[in-house]
Structures are given as structure tokens and as C-alpha cells.
Amino acid sequence: MQTTPDQQPVNYLGRRFQLRMLSMVALLGLVLVAIDRASQPSSWYWLTGPPRPTAGSATQPDPTRPPAATAEVRAAVAIPAEDLAAITDDTVGLRSKEAGPYHRILARARDLP
């Protein structure tokens, strides 16, 4: 039975080990700087180009499309109060008494233009 180790323990105070650890810390700092730089959208413009407003977007509305009538839209998408009366938000999943109103709301959303 051998009680002494075959190898010498690592000398943590040695110059070679300290230079190796310093280079690893420097590389970690470089990776963190690269992550910060990559998180900025402007650093990707060389690949995708700067963003341009498109026709019909919120920044530049489409001039050929008339503005939506808000009263008509609200009336079309409004959910009747009797459908919402049976729905409670205290469980996960669909209960049997909520199935009817749920399917009516989905059918109404499906039929909207």
C-alpha cells in the first residue's frame, strides 16, 4: 500500500500557473465584452442592414387603406356579457360549464374578417 502521491502538488504561487490563470481571466473578460456587444441590435446591421419602415407599418401607415372605424370594430369583436358570466379565472384547464362560452368565443373569432 502506497501512502505518498506519485505527482508533486500544483504550485499555485508559481509564475507559470499565475500567467495561465491571468490569461483565462482575460479570455473570460473578452467573452463578456463580446456578449455585451452582440446584444446590441446595431452590431448586426452589417448582416441585415438598418431597419426600414415598411408600407402599412405603425411608423408609416398605408395611404391606400382607409382608417378603421373604431366603433364598428369594437362592436364586431366585443364578447357578450352572458358568455363571460360563466367563466372564472381560478383553475387551469376548461371546465364543463365554460366549454359552451369558450367555443362560442372561438367561433366568433374565427368568423371575424
Side-chain angles (χ1 to χ4, degrees):
M1 179 169 196
Q2 187 176 5
T3 59
T4 59
D6 290 339
Q7 298 176 352
Q8 294 290 332
V10 178
N11 183 8
Y12 293 113
L13 299 176
R15 184 153 179 83
R16 184 175 177 196
F17 183 80
Q18 289 177 349
L19 286 175
R20 188 180 304 154
M21 290 305 295
L22 181 63
S23 66
M24 287 185 189
V25 169
L27 285 174
L28 178 64
L30 182 66
V31 167
L32 291 176
V33 168
I35 288 172
D36 183 54
R37 179 80 172 118
S39 69
Q40 299 171 0
S42 61
S43 63
W44 295 99
Y45 289 165
W46 66 270
L47 182 64
T48 61
R52 295 182 295 266
T54 59
S57 68
T59 58
Q60 187 178 13
D62 188 5
T64 61
R65 186 174 180 190
T70 57
E72 293 174 13
V73 171
R74 286 186 184 171
V77 298
I79 300 172
E82 58 271 4
D83 284 346
L84 294 176
I87 298 174
T88 56
D89 192 19
D90 60 353
T91 62
V92 177
L94 187 62
R95 293 188 281 186
S96 60
K97 69 178 185 176
E98 296 173 344
Y102 175 76
H103 291 295
R104 282 194 297 275
I105 291 170
L106 285 180
R108 188 178 181 107
R110 180 196 63 218
D111 295 339
L112 283 174

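Here, residue 1 is the first one in the sequence, and each next residue gets the next number.
- Following chains of ILVMFWY side-chain contacts shorter than 4.5 Å, one cannot reach L22 starting from L30, and the two form parts of different hydrophobic clusters.
- The neighbour count for Y102 OH, taken as heavy atoms of other residues, nucleotides or ligands under 6.0 Å away, does not exceed 12.
- Atoms CD and CG, on E98 and L84 in that order, are 11.0 Å from each other to the nearest 0.5 Å.
- In the hydrophobic cluster analysis, where Ile, Leu, Val, Met, Phe, Trp and Tyr join through side-chain heavy atoms closer than 4.5 angstrom, V31 is grouped apart from L27.
- Every residue two or more places apart in sequence or in another chain that forms a salt bridge (Lys or Arg N to Asp or Glu O under 4.0 Å) with R104 is listed here: D83.
- Under the side-chain hydrogen bond (donor to acceptor under 3.5 Å, both in side chains) criterion, Q40 pairs with R37, not counting sequence neighbours.
- Sorted by first then second residue, the side chain to side chain donor-acceptor pair (under 3.5 Å) pairs that include residues 15-32, not counting sequence neighbours, number zero.
- The nearest pair of heavy atoms linking F17 to V10 is CD1-CG1, 4.1 Å.
- Taken from CG in D111 to CG in L106, the straight-line distance is 11.0 Å, to the nearest 0.5 Å.
- Side-chain heavy atoms closer than 4.5 Å link hydrophobic residues (I, L, V, M, F, W, Y) into clusters, and following such links, even through other members, never connects L112 to I79.
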